[in-house]
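Just so it is clear, the structure is predicted and the values come from calculations on it, not from any experiment.
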Amino acid sequence: MESPLSAPHGIQINDITCDSFRVSWEMPPYDIQRITHYFIDLNKTGGQKENKFKHRDVPTKLVAKAVALPMTVRGHWFLSPRTEYTLAVQTAVKRSDGEYSVSGWSETVSFCTGDYAIEQVKQLQEKAEGIAGRMLPFQVFYRNQTEEYFQHVREKWGGVMFPSLKDQSGSHGSPISGTLNGVFFSCNTEFNTGLPPHDSPYGRWRVTVPAENLFNEGTHLYFADFYCMYTAYHYVVLVLAPRGSQGDAYCSARLPLLDPHSNPFLTRGEQGKYWHAQDLILEVIYTEPVPLRLGQLAEIKGHQLMSLSTTNAKKDPSCKVCNISGGH
């Protein structure tokens, strides 16, 4: 009669990405020689209670043949980016009758998966390129807000719009959500007029800034995200960061850099000409303060369409157009 397996202990989790991690633990030398399988119980924090199974010898959620540790666990179908998980481990010996002799459970440890790496953001970029459509000319970036906001800018901020933290809208694994500061602008125009739309979900007051004041030789252009909100509309998030700025340093390590003269989303040409993608709604984040004096402030003629707001909007995880395989 062989002695029972000892419960694994001392779990270490390292090299965490949006859809993978490496895990190791300690086992007695005698167990290492006879273990054939590992059982890994992986749960999202706040989900069902961990380690509650009808029988000790029933394989848990993940079953792996015993390999040298640390072991890489990878799988976008069960790992989501920016998500808290708990993990516990059993070891097992597969018997001649096909059943398993198992150890006790290890301690339960917690970890959080990472943001999309630049390779996943590039996958989103490639998806967005497929539906960007033709380019339309535009002349101004515009920002809609309430009358109270612009009054605050004038009276409290010295007439300067200061960057604020990017909200949680868009892809769950976006490396800029909740981390990058910026001033939000739009640039889409109406097809029939070539002008910004009369309506806005963000407020009845609009500041329009000539495109050359924000998008010029002194700025880098980055692709940041591609998403939808259970509608036919698709959104692309771009970042304009003055060269050498803190925002530029942050984005250069995490986001694909776009050629400002040749990309399917937002371009500039000679003699003050600018173009935007027709079939995408562009959200442009400028990473530095923007003085109101760079543009003109006026009340729009249309309505405040709150239903079109993307504030903290959650991405549709079932959309085949804008979701990628690396994370969700």
*Does NZ or CZ of Arg143 lie under 6.0 Å from the centre of the six-membered ring of Phe141, at an angle within 45° of the ring axis?*
no
*Taking salt bridge (charged side-chain N to carboxylate O under 4.0 Å, His left out) as the test, write out the residues that go with Asp248, two or more places apart.*
none
_Cluster overlap Phe138 with Phe185, hydrophobic side-chain contacts below 4.5 Å_ = yes
*Below 4.5 Å, heavy atoms only, C-beta onward: do Ile131 and Leu280 meet side chain to side chain?*
yes
*Would the Trp157 and Phe162 ring centres measure less than 6.0 Å apart?*
yes
*How long is the span from the CG atom in Leu87 to the OG atom in Ser106, to the nearest 0.5 Å?*
7.0 Å
*Phe39 and Leu62: CA distance, side-chain angles, deciding distance, side-chain contact (heavy atoms from CB on, under 4.5 Å) verdict*: CA-CA 6 Å; Phe39 299 159; Leu62 302 177; over 6 Å; no
*Quick one: list whatever passes ring pair (Phe, Tyr, Trp, His ring centres under 6.0 Å) with Trp25, sequence neighbours left out.*
Tyr38
*Are side-chain N/O atoms of Tyr222 and Gln125 paired as donor and acceptor at under 3.5 Å?*
no
_Neighbour count above 12 (heavy atom, 6.0 Å) for Gln246 CD_ = no
*Residues sharing Trp275's hydrophobic cluster, by side-chain heavy-atom contacts under 4.5 Å among ILVMFWY, directly or via others?*
Met135
*Starting from Tyr30, walk the hydrophobic network (Ile, Leu, Val, Met, Phe, Trp, Tyr; side-chain heavy atoms closer than 4.5 Å) and list everyone else you reach, by chain and number.*
none
*Verify side-chain hydrogen bond (donor to acceptor under 3.5 Å, both in side chains) between Thr17 and Ser20, making sure each step is shown before the conclusion.*
CA-CA 5 Å; Thr17 73; Ser20 69; 2.7 Å; yes
*Could you check Tyr250 against Thr179 for side-chain hydrogen bond (donor to acceptor under 3.5 Å, both in side chains), going step by step and ending with a plain yes or no?*
CA-CA 9 Å; Tyr250 183 88; Thr179 58; 2.8 Å; yes
*Under the 3.5 angstrom rule, does the side chain of Glu107 hit a backbone N or O of Gly10 as a donor-acceptor pair?*
yes
*If we ignore angles and hydrogens, is there a donor and acceptor under 3.5 Å between the side chains of Glu155 and Gln151?*
yes
_Flag for Ser186-Asn188: side-chain donor and acceptor within less than 3.5 Å_ = no
_Phe265: which residues meet the ring pair (Phe, Tyr, Trp, His ring centres under 6.0 Å) condition with it, sequence neighbours left out?_
Phe223
*Would Tyr85 and Phe21 count as a close aromatic pair, with their ring centres under 6.0 Å?*
no
*How many angstroms lie between CE in Met229 and OG in Ser169, if you round to the nearest 0.5 Å?*
8.5 Å
_Pairs involving residues 180-196, ordered by first then second residue, that meet salt bridge (charged side-chain N to carboxylate O under 4.0 Å, His left out) (sequence neighbours left out)_ = none
*Only counting residues at least two apart or in another chain, list the ones meeting ring pair (Phe, Tyr, Trp, His ring centres under 6.0 Å) with Tyr142.*
none
*Audit row: Val207, Phe150, side-chain contact (heavy atoms from CB on, under 4.5 Å) steps and yes/no*: CA-CA 9 Å; Val207 59; Phe150 287 111; 3.9 Å; yes
*Taking the side chain as C-beta and beyond, is there a heavy-atom pair between Arg34 and Leu5 under 4.5 Å?*
yes
_If you define the side chain from C-beta out and look only at heavy atoms, does anything of Pro260 sit under 4.5 Å from Thr267?_
no
_Polar side chain donor-acceptor pair, Thr189 to His276, under 3.5 angstrom_ = yes
_Contact check, side chains of Ser200 and Arg206, non-hydrogen atoms, under 4.5 Å_ = yes
*Which residue pairs pass the salt bridge (charged side-chain N to carboxylate O under 4.0 Å, His left out) test when at least one of the two sits in residues 109-124, sequence neighbours left out?*
Arg82-Asp115
*Please walk me through it: do Lys94 and Thr36 pass side-chain hydrogen bond (donor to acceptor under 3.5 Å, both in side chains)?*
CA-CA 6 Å; Lys94 190 169 186 178; Thr36 61; over 6 Å; no
_Any side-chain to backbone donor/acceptor pair from Asn323 onto Asp316? Under 3.5 Å, distance only._
yes
*Could you check if a side-chain atom of Val153 sits within less than 4.5 angstrom of a side-chain atom of Leu292, using non-hydrogen atoms only?*
yes
*Contacts of type ring pair (Phe, Tyr, Trp, His ring centres under 6.0 Å), residue Tyr149, not counting sequence neighbours*: none
*Step through the shown structure and confirm whether more than 12 heavy atoms of other residues, nucleotides or ligands are within 6.0 Å of CZ on Arg243.*
yes
_Minimum heavy-atom distance Ala277-Ala132, with the two atoms named_ = CB-O, 3.5 Å
_Heavy-atom donor-acceptor pair, Thr86 side chain to Thr45 backbone, under 3.5 Å_ = no
*asked:* Do Ile285 and Ile176 have side chains that approach each other closer than 4.5 Å (heavy atoms only, starting at C-beta)?
replied: yes
*asked:* Holding to side-chain contact (heavy atoms from CB on, under 4.5 Å), I want the full list of residues that pass it with Gln139, two or more places apart in sequence or in another chain.
replied: none
*Does atom CD of Gln296 have more than 12 heavy-atom neighbours, drawn from other residues, nucleotides or ligands, at distances under 6.0 Å?*
no
*Does the pair His234 and Phe226 meet the rule for a ring pair (Phe, Tyr, Trp, His ring centres under 6.0 Å), with working shown?*
CA-CA 7 Å; His234 276 86; Phe226 178 44; 5.3 Å; yes
_Within the structure provided, determine whether Ile281 and Val236 are in side-chain contact (heavy-atom separation under 4.5 Å)._
no
*asked:* Less than 6.0 angstrom separating the ring centers of His37 and Tyr100, yes or no?
replied: yes
*Find out whether the Lys NZ or Arg CZ of Arg268 is both under 6.0 angstrom from the six-membered ring centre of Phe215 and within 45° of the ring's axis.*
yes
*With sequence neighbours excluded, residues passing salt bridge (charged side-chain N to carboxylate O under 4.0 Å, His left out) with Asp279*: none
*Among Ile, Leu, Val, Met, Phe, Trp and Tyr joined by side-chain contacts under 4.5 Å, find the other residues sharing a cluster with Phe191 and list them by chain and number.*
Leu136
*May I ask you to test the Lys273-Pro137 pair for a side-chain heavy-atom distance under 4.5 Å?*
no
